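Take a look at the structure set out below.
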Amino acid sequence: MGYHTYQHSPQACVIEGMSSPSSSSSSAKNPDGLICYEDAIKYWTSVEPSVNGVLGGYGESTSVPKADIVGSLTFVRRLRNRFSNEPGKIKYGLDLGAGIGRVTKNFMHTVCDKVDLLEPVKPFVEKMKIELQPLMKQGKIGEILEISMQDWVPEEPGRYYLIWCQWCCGQLPDADFLKWMDNCRLALQKGGMMVVKENNATGTENNDIYDPVDSSKTRTDANFRALFRKAGWKILSTTRQRGMPPELYPIRMYALQPMEEEEEVEYE
Ligand SMILES: C[S@@+](CC[C@H](N)C(=O)[O-])C[C@H]1O[C@@H](n2cnc3c(N)ncnc32)[C@H](O)[C@@H]1O
């Protein structure tokens, strides 16, 4: 997510050349086929390891970082009676696509006993280790996994009380997204919760927008809901992030739990 994940006309696809934003290129129809993991890592490795870098130019001189953290905290606090840790287990958090550790540093450590972070980009991991020094000294940081979400296989089933995935699951095409959700289910404690916080493209299920800058896609709310259902997760609650600059895509938080077998899903 950078400048490019914000409200803009879909740009010309790097593969197809300079088609106009309004042209009906196959990129608009099949963004999944255009996602390239290597290009994504190359892009993120070239980005300054700072809040400004991971937030695409919406750093600390803007309202975005603060509004984002306040929104996340409020959302999780509102849900505190709807999820719990498994008796006797540590309240472990997992911060996915963690960048320089912004989410853990400002928010996750306050709701979890300990947080693991997953981030594939080396300069971000190096900066994260500096940013999180004080929390490491307090014993609040667990493992730092230097891998991509699509390569992650949970080593300890039922480890996590809260899994947080923000502004990074657009890096995965739908097929890998579904496999990744299966891994999340395996990794979650009984009673635990996962939150996906992402930009939303407008339109129906098939209107996801490819972003050539970081080789990701921005999903519609309809596609998120369809994928959650397909992967066997129910939405406990969902809300729109408030207080963001008007030029940005709408941002939505989805609080999720695995469906019980035969459970009816209620969507808001
Ligand atoms: C927009 S930044 C968001 C960082 C962080 N979640 C935050 O909100 O501050 C996107 C992050 O996703 C990471 N990323 C890119 N491809 C990824 C992948 N395949 N798996 C996991 N993370 C990925 C990037 O390196 C970058 O740190």
Side-chain angles (χ1 to χ4, degrees), residues 1 5 30-41 43-44 54 72 83 92-99 101 103-104 108 112 115-121 124-125 142-190 192-201 205-206 208-211 214-236 238 251-259 265:
M1 185 213 74
T5 54
N30 181 21
D32 288 32
L34 295 172
I35 290 176
C36 168
Y37 289 136
E38 290 75 25
D39 286 355
I41 298 300
Y43 168 75
W44 285 111
V54 295
S72 299
F83 75 112
Y92 253 109
L94 175 63
D95 181 357
L96 288 160
V103 172
T104 293
M108 273 187 85
C112 299
V115 185
D116 291 345
L117 299 94
L118 177 147
E119 169 57 51
V121 168
F124 288 173
V125 171
E143 287 177 44
I144 296 176
L145 307 166
E146 246 183 278
I147 52 168
S148 292
M149 278 157 76
Q150 68 275 14
D151 297 327
W152 169 65
V153 181
E155 278 183 9
E156 187 188 321
R159 179 174 172 93
Y160 297 111
Y161 157 72
L162 178 65
I163 298 178
W164 195 269
C165 181
Q166 178 161 358
W167 283 325
C168 64
C169 62
Q171 304 286 163
L172 305 189
D174 290 355
D176 282 358
F177 182 95
L178 290 170
K179 285 186 203 151
W180 163 73
M181 288 210 86
D182 285 348
N183 282 327
C184 291
R185 187 195 295 105
L186 192 66
L188 204 64
Q189 291 182 14
K190 202 170 182 336
M193 178 174 80
M194 170 151 88
V195 174
V196 170
K197 183 167 187 176
E198 290 289 342
N199 294 349
N200 278 164
E205 226 172 280
N206 298 324
D208 294 351
I209 299 172
Y210 178 67
D211 186 335
D214 65 350
S215 201
S216 69
K217 71 167 181 171
T218 304
R219 288 186 169 87
T220 61
D221 177 54
N223 195 28
F224 271 118
R225 288 171 192 253
L227 290 170
F228 296 149
R229 183 194 290 265
K230 212 175 198 173
W233 291 73
K234 64 183 174 197
I235 300 178
L236 275 185
T238 177
I251 299 160
R252 186 164 277 281
M253 291 175 270
Y254 303 90
L256 305 166
Q257 276 182 334
M259 268 183 244
V265 204

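If you're wondering where the values come from, they're calculated on a predicted model, not measured in any experiment.
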Is it true that a side-chain atom of [X] and a backbone atom of [Y] form a donor plus acceptor pair closer than 3.5 Å?
| X | Y | result |
| --- | --- | --- |
| Glu198 | Thr218 | no |
| Glu146 | Pro120 | no |
| Glu119 | Gly99 | yes |
| Ser215 | Asp39 | no |

- Task: Show your working on side-chain contact (heavy atoms from CB on, under 4.5 Å) between Leu256 and Ile235 and close with a plain yes or no.
- Result: CA-CA 5 Å; Leu256 305 166; Ile235 300 178; 3.7 Å; yes

- Query: Would you call the rings of Tyr160 and Tyr92 parallel, tilted or perpendicular if under 30° counts as parallel and over 60° as perpendicular?
  - Reply: perpendicular

- Message: Can you tell me how the ring of Phe228 sits relative to the ring of Tyr254, calling it parallel under 30°, perpendicular over 60° and tilted otherwise?
- Response: perpendicular

If we only count heavy atoms from C-beta on, is the [X] to [Y] side-chain gap below 4.5 Å?
| X | Y | answer |
| --- | --- | --- |
| Trp233 | Leu188 | yes |
| Leu162 | Leu94 | no |
| Leu236 | Met193 | yes |
| Phe124 | Val54 | yes |
| Ser148 | Tyr37 | no |
| Leu186 | Arg159 | no |
| Met149 | Cys169 | yes |
| Ile144 | Asp116 | no |

How far apart are the closest heavy atoms of [X] and [Y], and which atoms are they?
| X | Y | answer |
| --- | --- | --- |
| Thr238 | Arg252 | OG1-NH1, 3.0 Å |
| Lys197 | Ser72 | NZ-OG, 2.9 Å |
| Gly170 | Ile35 | O-CD1, 3.8 Å |
| Lys234 | Pro258 | CE-O, 4.1 Å |

- Message: Take a 6.0 Å sphere around CD of Glu156 and say whether it holds more than 12 heavy atoms from other residues, nucleotides or ligands.
- Response: yes

Side-chain H-bond candidate by donor/acceptor type, [X] with [Y], under 3.5 Å:
| X | Y | result |
| --- | --- | --- |
| Tyr43 | Asp211 | no |
| Trp152 | Gln150 | no |
| Tyr210 | Asn30 | no |

Spacing of [atom1] belonging to [X] relative to [atom2] belonging to [Y], to within rounding of 0.5 Å:
| X | Y | atom1 | atom2 | answer |
| --- | --- | --- | --- | --- |
| Cys168 | Asp95 | SG | CG | 8.0 Å |
| Cys165 | Met253 | SG | CE | 14.0 Å |
| Thr220 | Ile209 | OG1 | CD1 | 9.0 Å |
| Lys217 | Asp32 | NZ | CG | 3.5 Å |
| Asp151 | Leu118 | CG | CG | 9.0 Å |

- Test log, rule side-chain contact (heavy atoms from CB on, under 4.5 Å), inputs Val121 and Ile41: CA-CA 7 Å; Val121 168; Ile41 298 300; 4.1 Å; yes

- Exactly one candidate in Asn200, Asn199, Asp174 meets side-chain hydrogen bond (donor to acceptor under 3.5 Å, both in side chains) with Arg219; the answer is Asp174

- Salt bridge flag under 4.0 Å for residues Arg185 and Asp182: yes

- Task: Dump the intermediate steps for side-chain contact (heavy atoms from CB on, under 4.5 Å) on Phe83 and Tyr161, then the final yes or no.
- Result: CA-CA 8 Å; Phe83 75 112; Tyr161 157 72; 3.4 Å; yes

- After noting the C-alpha distance and the side-chain angles of Met181 and Leu227, does the key distance pass the side-chain contact (heavy atoms from CB on, under 4.5 Å) rule? CA-CA 9 Å; Met181 288 210 86; Leu227 290 170; 5.5 Å; no

